[in-house]
Structure formats: structure tokens, C-alpha cells
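Throughout, protein chains are lettered first and strands after them, A, B, ... in sequence-line order, and every chain is numbered starting at 1. The structure displayed is predicted, hence computed values, not measured ones.
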Amino acid sequence: MTKQKNDTPVCEGKGAGQPAVDQVEQRRRKRDTLRELGVEPYGQRFENVQAVADVREAVKAVEFEPGKRTEHRARVAGRIALLRLMGKLAFVTIRDRSGKIQLGLSRADLGDSWPVLKQLDLGDIVGAEGVLGKTRTGELTVWVDRLTVLSKAVRPPPEKWHGLTDVDLRYRRRYVDLFSNPEVLAVFQQRSAIIGAIRASLVGEGYYEVDTPVLQPIYGGAAARPFTTHHNTLDMKLYMRISPELYLKRLLVGGMERVFEISRNFRNEGISTKHNPEFTMVELYEAYADYNVMMERVEQMVAAAYDVSTLKALPDRTELLEREKERIGTDQDEAAASAYAEAEHLAAYQTAREGVVAGRRMVVFNGTVLDVTPPWSRRKYADLLLEYAGVAMGDEAAVLAKAKELGIETGGKDHAVVVNTLFEATVERQLIQPTFVYDYPAAICPLTRRHPDDPSVALRFEAFVAGMELGNAYTELNDPEEQSANFKRQVAGEGDETMAVMDDDFLTALEYGMPPAGGLGVGIDRLVMVLTDSASIRDVILFPLQRSTAATDG
RNA sequence: GGGGGUGUAGCUCAGUGGUAGAGCAACGGCCUUUUAAGCCGUGGGCCCUGGGUUCGAGUCCCAGCACCCUCACCA
């Protein structure tokens with residue numbers, strides 16, 4: 001749909017009289033008029049700009065007399081969100097990264113610059129300087145004496161109240177989504193803060209941040225199909241990494257005893273609200289630790305991430321929903337069920353807010369209240385399987401019977417694989433509150449040390465939140481013989497954890513001696529989803545993969 | 001891959017087989033403290049694409065394309 005419409009150039013005039021001119025053409029004309037007025041429509045550096053939020057903060061304590069101006073000056077810049085021209089006076093609301101502020105412009109103040117105003121449109125970027133005041137209605141206003149055009153937008157922005165809602169277009173033109181939907185911008189600002197907090201948290205524990213290859217001759221560390229590519233000069237087949245694991249462990253061998261990487265991984269698998277072909281993990285390894293330490297690291301990182309994001313987000317989102325509810329209330333035939341759902345959602349926010357007041361770290365995700373305050377619940381894999389599937393992990397007959405009952409394919413599959421499929425089908429979606437599930441069937445954990453008291457299980461845990469896998473961790477296997485044997489089984493295609501090629505160099509590294517260690521990967525995108533109440537992974541990835549690249553136009 | 005849904009003006013959306021609609025945005029006019037500003041007027045459409053049924057299709061049928069939800073698959 002986008003292609004067809006946007007390729008249409010200027011609308012042709014129908015019938016007699018004036019030719020019909022589309023909005024882009026109108027704006028181009030205004031751009032030209034600006035040049036005729038001696039105003040360059042694409043400005044340059046605009047110095048000493050204050051963020052709108054900083055302007056507000058600076059005069060927080062000032063007592064304004066409504067209708068009067070003060071001596072406080074402000075210099076701001078942003079995109080025009082609202083434009084109201086009234087004869088010799090205009091109000092222009094601009095938005096920058098930190099918020100909105102109103103500009104007041106009068107012909108008396110602007111003098112010769114006044115005609116410039118008529119050439120401005122919604123979506124243009126302007127700079128303005130003037131004195132602060134409040135209108136009779138109490139709105140903080142910059143009474144502009146100098147107006148600078150910084151960028152003329154020749155395309156009109158989306159409708160000002162609803163913004164851009166077409167999901168496809170929002171992802172394809174994320175830049176429009178970002179400037180027209182402030183809550184989207186807020187999500188990505190929080191994402192930035194969350195990654196910063198995780199980084200700071202690990203650096204504070206003495207971790208080194210490293211970068212390991214994205215282009216790998218041998219892929220490993222996870223069971224997923226890779227994207228393949230080719231290097232021309234070396235005439236070499238390469239894979240985009242599916243995991244940084246095997247490289248980070250080499251660094252443990254090298255003596256970097258605490259390392260982490262914020263790693264973009266690429267998996268050539270299905271796309272869903274929880275899966276994007278490229279996604280971000282923080283993966284870390286800590287010598288002399290084990291998976292119990294890794295549980296603490298998860299709790300610590302999530303707490304750090306929470307502290308920089310949700311405390312701010314909670315009231316904002318509540319306000320947003322209240323506004324939404326109000327809007328629905330005014331639309332007469334809007335489904336009452338929808339309003340009810342919103343009310344339920346608000347109730348969840350209320351509960352979360354009360355929890356926060358009581359000192360808990362609580363969020364609302366998809367309408368469910370989650371408490372991510374450490375410590376999280378720790379549950380043994382086998383116990384959960386017994387509880388939700390009603391079968392003992394070691395009881396092959398019972399596991400098979402239950403799997404068949406649920407329509408799970410079992411033919412020719414390893415017992416551990418059947419067990420895990422059963423686990424995924426019965427247990428995972430029940431794990432709403434943050435939970436560490438530990439001691440997985442050993443056969444599905446080729447990189448994990450086995451339990452010293454029970455070799456059928458491995459020292460691995462996965463972290464679940466809202467029925468979604470958030471992280472995965474092991475007490476790392478550092479025995480090269482055992483690792484070699486596990487790899488051989490994988491290459492042979494056993495246990496559903498296949499590997500294309502043996503990574504001999506990794507085994508060589510282990511033979512030099514890798515310290516015992518705990519290792520952990522946490523899905524950043526999913527964590528951001530939970531902390532920003534985003535229902536789809538595409539809402540926390542700036543440019544999620546979309547079909548068809550032909551949609552761009554001039 | 002299965003099931004369900006959506007696709008109409010720049011944006012958000014109505015539309016009952018019979019000449020294509022609203023709000024916002026745009027254009028013209030009035031207006032010096034407005035609040036999603038208002039009032040008067042004007043322009044703007046390959047109704048996703050391709051077939052079919054029909055005297056007549058935005059509407060009904062079939063196929064396709066794109067997106068969303070869901071199930072399946074998926075460390």
C-alpha cells in the first residue's frame with residue numbers, strides 16, 4: 001500500500017480552475033518563499049540550546065504572574081507540534097527530546113521576521129529565544145524575540161492527536177513514529193538507560209567489556225540456524241554469530257576473569273512478538289563463580305535496570321492510560337469491553353504503584369503486575385515438571401504418556417528432549433513472577449558442568465518472567481575431554497542440540513585450562529519489554545526486520 | 001505452515017450492490033494570551049493488486065501482496 005500511494009507524485013487538478021496542489025508541494029513553495037525572504041530553510045549550528053525540561057526546571061521556583069512576562073530568558077529548539085496563528089499573534093508548541101514547550105510570537109516582537117511565521121508548518125524544526133512568561137491560563141511560554149528556521153519539513157507529519165498508528169509504517173518509518181509518538185521515544189530513551197545501567201553494574205563488579213567476532217568461521221554456543229555470508233578476499237564462508245559464548249570463554253582461558261559483551265546475535269529462525277532475527281544479549285562470564293552467583297547477577301542487573309527506567313515510567317504510563325480511557329469514554333459506540341480492559345489495566349498500575357511506595361520493584365507488563373525485587377523465586381526443574389505436568393523427570397514411560405496426551409511429537413527423540421518439550425508446554429507459561437528454574441536435563445546442556453551428585457542433570461538455570469525466557473546461565477563445563485565428547489554427540493546430531501562443525505580451537509583453549517566459571521546471557525530486548533510494558537519485541541527494537549525493502553521512496 | 005483480522009484522502013477512521021464520507025492536516029478569509037483554539041469558505045481519492053459474479057462492486061466471490069493477532073516451529 002505504501003509504495004503505490006507514495007509513488008504518486010503531485011495530484012493532478014480535476015476540472016477547471018486552480019490546479020490541486022498536494023501538501024508536499026505546498027510546503028516546497030513555502031520553503032522557496034523562505035529563501036525569497038532571505039531565510040535559509042535548512043539551518044546550521046544552533047548554539048547554547050537548552051532542553052525544554054531544563055528550562056522548566058530552571059524556573060520551577062519562580063512565581064509567575066499570569067499574563068505577564070518575566071526577565072528569565074530561554075533558548076530552545078525543536079519540532080513544531082502545534083501551530084496556532086491568530087492575526088498578529090501566534091502560539092507554536094515545539095517538542096524536543098525532553099518535552100514540549102509553548103512559544104508565543106507577536107508581530108510587535110518579531111517585526112520584520114513576522115512574515116516568516118506564515119511559511120512555517122507542523123513538523124518544521126525551529127530554534128527560538130525569548131523571555132519566559134505565563135499566559136492567563138497558566139501555560140509556560142517563551143515570548144520569542146528571535147526565531148530561527150532550522151529545518152523545513154516538506155512532508156507533513158501524522159495527525160497530531162492519534163499520531164502514527166499504522167504498525168507497518170511505524171516500523172518502516174520509525175523516525176516518524178519517534179517524533180510523533182512521545183511514548184515511543186520514551187521507550188527507546190529507557191532502553192538506552194537500561195543498557196547503560198547494566199554496563200555500569202557489571203563494570204562496578206570489575207568486569208571488562210569486550211567485543212568478539214560477529215563474523216565467525218564456525219558458529220556455536222547455541223542451537224539455532226545461522227545467517228551465512230562470504231568473505232571475498234579470503235574466499236571464506238562465514239556465519240553471523242548466534243552467540244558469543246565460545247569466544248568469551250576463550251577470554252577466561254586468557255585470564256580475563258570477568259568479561260561481558262553486549263552482543264547482537266543473529267538467528268535465522270521465526271519472527272514473533274518475542275523473536276527478532278537480530279537481538280541483543282548481555283553475556284557475561286565470571287571465573288571462580290557458578291550458576292548461583294549468576295542468579296545474583298541477574299537480580300542485580302535487573303534491579304539496576306529497573307532503577308533507571310521504571311520509576312520514571314510508572315506515573316507516565318498511568319497518565320497515558322487515563323487519557324486513553326477518557327478518550328474511549330467520549331467515543332460513543334466504542335466497545336465498553338475496551339474501556340473495561342483499560343480500567344483493569346489501570347487497576348494493575350495502581351497495585352504496582354502501591355508496591356513501589358512500599359519499597360518494592362514492581363512493574364506492569366501486559367496487564368500483569370510483576371515484582372522483580374530480589375531475591376527471585378528459585379525452583380528446581382524436576383519439581384516444576386512434577387507440579388505442572390504431573391510426571392517425574394526420570395520416569396520415561398510417564399513422560400512419554402503425558403507428551404502424547406498433549407500431542408507432542410516424541411518419535412525418535414531423546415528422552416531429555418521430550419522432557420524439555422513437555423516442560424516448555426506445561427511449565428514455562430505458568431512462570432509469571434520472576435523465577436529461576438535450575439538443574440536442567442544434562443543431555444540438552446552440552447556446555448554445562450553436570451551436577452556432582454546427579455549426572456543426569458546439569459548446573460544450568462533459565463530465568464523466566466511473564467512466561468518468557470529472559471536469561472540462561474550455567475556453571476561452565478571446563479573439562480576438555482567431556483566438552484569434546486559433548487561436541488561429538490552434537491555434530492552427530494544427537495540430542496536435538498546440533499552443531500555443524502567441531503570447534504577444535506575452542507577445545508584447544510580448554511586444554512590450556514579454563515578456570516571454573518559461571519556464565520550468563522540475558523535478553524536485553526525482552527528485559528526492556530518487561531520494564532517498559534511493551535507487548536512486542538518490535539516495540540523495543542528501533543528497526544525491526546520487515547519484509548520487502550522496496551517501500552522506500554523519494 | 002494452520003486459523004483469525006486489517007488494507008478507503010497526507011494522518012486517524014466511517015461507509016447499508018446504485019455519483020466517495022467525517023475529523024485532523026492543507027489552501028483562502030476573520031481574529032493579540034489561545035489549549036486537540038474557533039467560525040466561514042475551498043481543494044484533495046487507481047477505495048492494496050489481479051480476476052470473477054452483476055445492468056452496475058469500495059461493498060459479494062476467488063486468488064495474490066503487505067501488516068497485525070494467534071497456534072505450530074524456534075536455546
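- Closest contact between the side chain of A/Arg84 and the listed nucleotides B/C68, B/U34, B/C27 involves B/U34.
- Searching all strands for a Watson-Crick or G-U wobble partner of B/A26 with both distances below 3.5 Å returns B/U42.
- Annotation: B/C24 and B/G38 have their P atoms spaced 7 Å apart (nearest Å).
- Judged by Watson-Crick or G-U wobble contacts below 3.5 Å, the nucleotide B/C31 has no partner.
- Under the rule for a ring pair (Phe, Tyr, Trp, His ring centres under 6.0 Å), A/Phe464 has no partner lying at least two apart in sequence or in another chain.
- Using N1 to N3 plus N6-O4 or O6-N4 for Watson-Crick, or N1-O2 and O6-N3 for G-U wobble, each under 3.5 Å, B/A66 pairs with B/U6.
- Each of A/Pro158 and A/Glu424 has a nearest nucleotide on RNA chain B; the 5'-most of these lies closest to A/Pro158.
- B/G18 is paired with B/C55 under the criterion used here, namely a Watson-Crick or G-U wobble arrangement in which both key atom distances are under 3.5 Å.
- In this view, A/Phe461 and A/Phe436 satisfy the ring pair (Phe, Tyr, Trp, His ring centres under 6.0 Å) rule, not counting sequence neighbours.
- Partners of A/Tyr381 by ring pair (Phe, Tyr, Trp, His ring centres under 6.0 Å), not counting sequence neighbours, listed by chain and number: A/Phe423, A/Tyr440.
- Using C1' as the reference atom, B/G21 and B/A72 are 42 Å apart when rounded to the nearest Å.
- Donor-acceptor pairing under 3.5 Å is lacking for the side chains of A/Glu283 and A/Ser263.
- Side-chain atoms of A/Asp439 never come within 3.5 Å of backbone atoms of A/Leu459 as a donor-acceptor pair (strictly under, hydrogens ignored).
- Residue side chain A/Thr135 reaches the base of B/U35 through a donor-acceptor N/O pair under 3.5 Å, judged by distance alone.
- Take A/Glu286 and apply the salt bridge (Lys or Arg N to Asp or Glu O under 4.0 Å) test, not counting sequence neighbours, and it matches A/Arg258, A/Arg297.
- Looking at heavy-atom distances under 4.0 Å, A/Ile242 makes no contact with the nucleic acid at all.
- Heavy atoms of A/Gly163 sit under 4.0 angstrom from primed sugar atoms or phosphate atoms, though from no base atom.
- Applying the salt bridge (Lys or Arg N to Asp or Glu O under 4.0 Å) rule to A/Glu65 yields the partners A/Lys68; only residues at least two apart in sequence or on another chain are considered.
- Residues passing the salt bridge (Lys or Arg N to Asp or Glu O under 4.0 Å) test with A/Glu63: none are found, sequence neighbours excluded.
- Backbone-only engagement by A/Arg538 is indicated by non-hydrogen atom pairs under 4.0 Å involving sugar-phosphate atoms exclusively.
- B/C13 and B/C68 are spaced 16 Å apart, taking the P atom of each and rounding to whole Å.
- Distance from the side chain of A/Leu169 is smallest to B/C11 among B/U34, B/C11, B/A26.
- The partner of B/A36 cannot be assigned: no Watson-Crick or G-U wobble pair with both contacts below 3.5 Å exists in any strand.
- Within the 4.0 angstrom heavy-atom criterion, only backbone atoms of the sugar-phosphate kind lie near A/Arg267; the bases stay farther away.
- Shown here, B/G1 forms a base pair with B/C71; the pair counts as Watson-Crick or G-U wobble because both key distances fall under 3.5 Å.
- Contacts of A/Tyr474 with the nucleic acid, taken as non-hydrogen atoms under 4.0 Å apart, include base atoms.
- Rounded to the nearest Å, the gap between the C1' atom of B/A22 and that of B/C30 is 25 Å.
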Under 3.5 Å between N/O atoms: give me all the protein pairs with nucleotides 20-25 of chain B, atom names plus distance.
unit_1, atom_1, unit_2, atom_2, d
B/A25, OP1, A/Lys160, NZ, 2.7
B/A25, O2', A/Gln23, OE1, 3.2
B/A25, N3, A/Gln23, NE2, 2.9

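- With A/Glu278 as reference, A/Arg264 is the one residue of A/Arg264, A/Arg267, A/Arg538 to meet the salt bridge (Lys or Arg N to Asp or Glu O under 4.0 Å) rule.
- Near RNA chain B, defined here as any heavy-atom distance below 4.0 Å, the residues from residues 270-279 of chain A are A/Thr273, A/His275, listed numerically.
- Scored by the salt bridge (Lys or Arg N to Asp or Glu O under 4.0 Å) test, A/Glu469 finds no partners at all (sequence neighbours excluded).
- Residue A/Lys30 is in sugar-phosphate contact alone, with no base atom involved, counting any heavy-atom pair closer than 4.0 Å across all strands shown.
- Distance noted for atom C1' between B/G17 and B/C61: 13 Å (whole Å).
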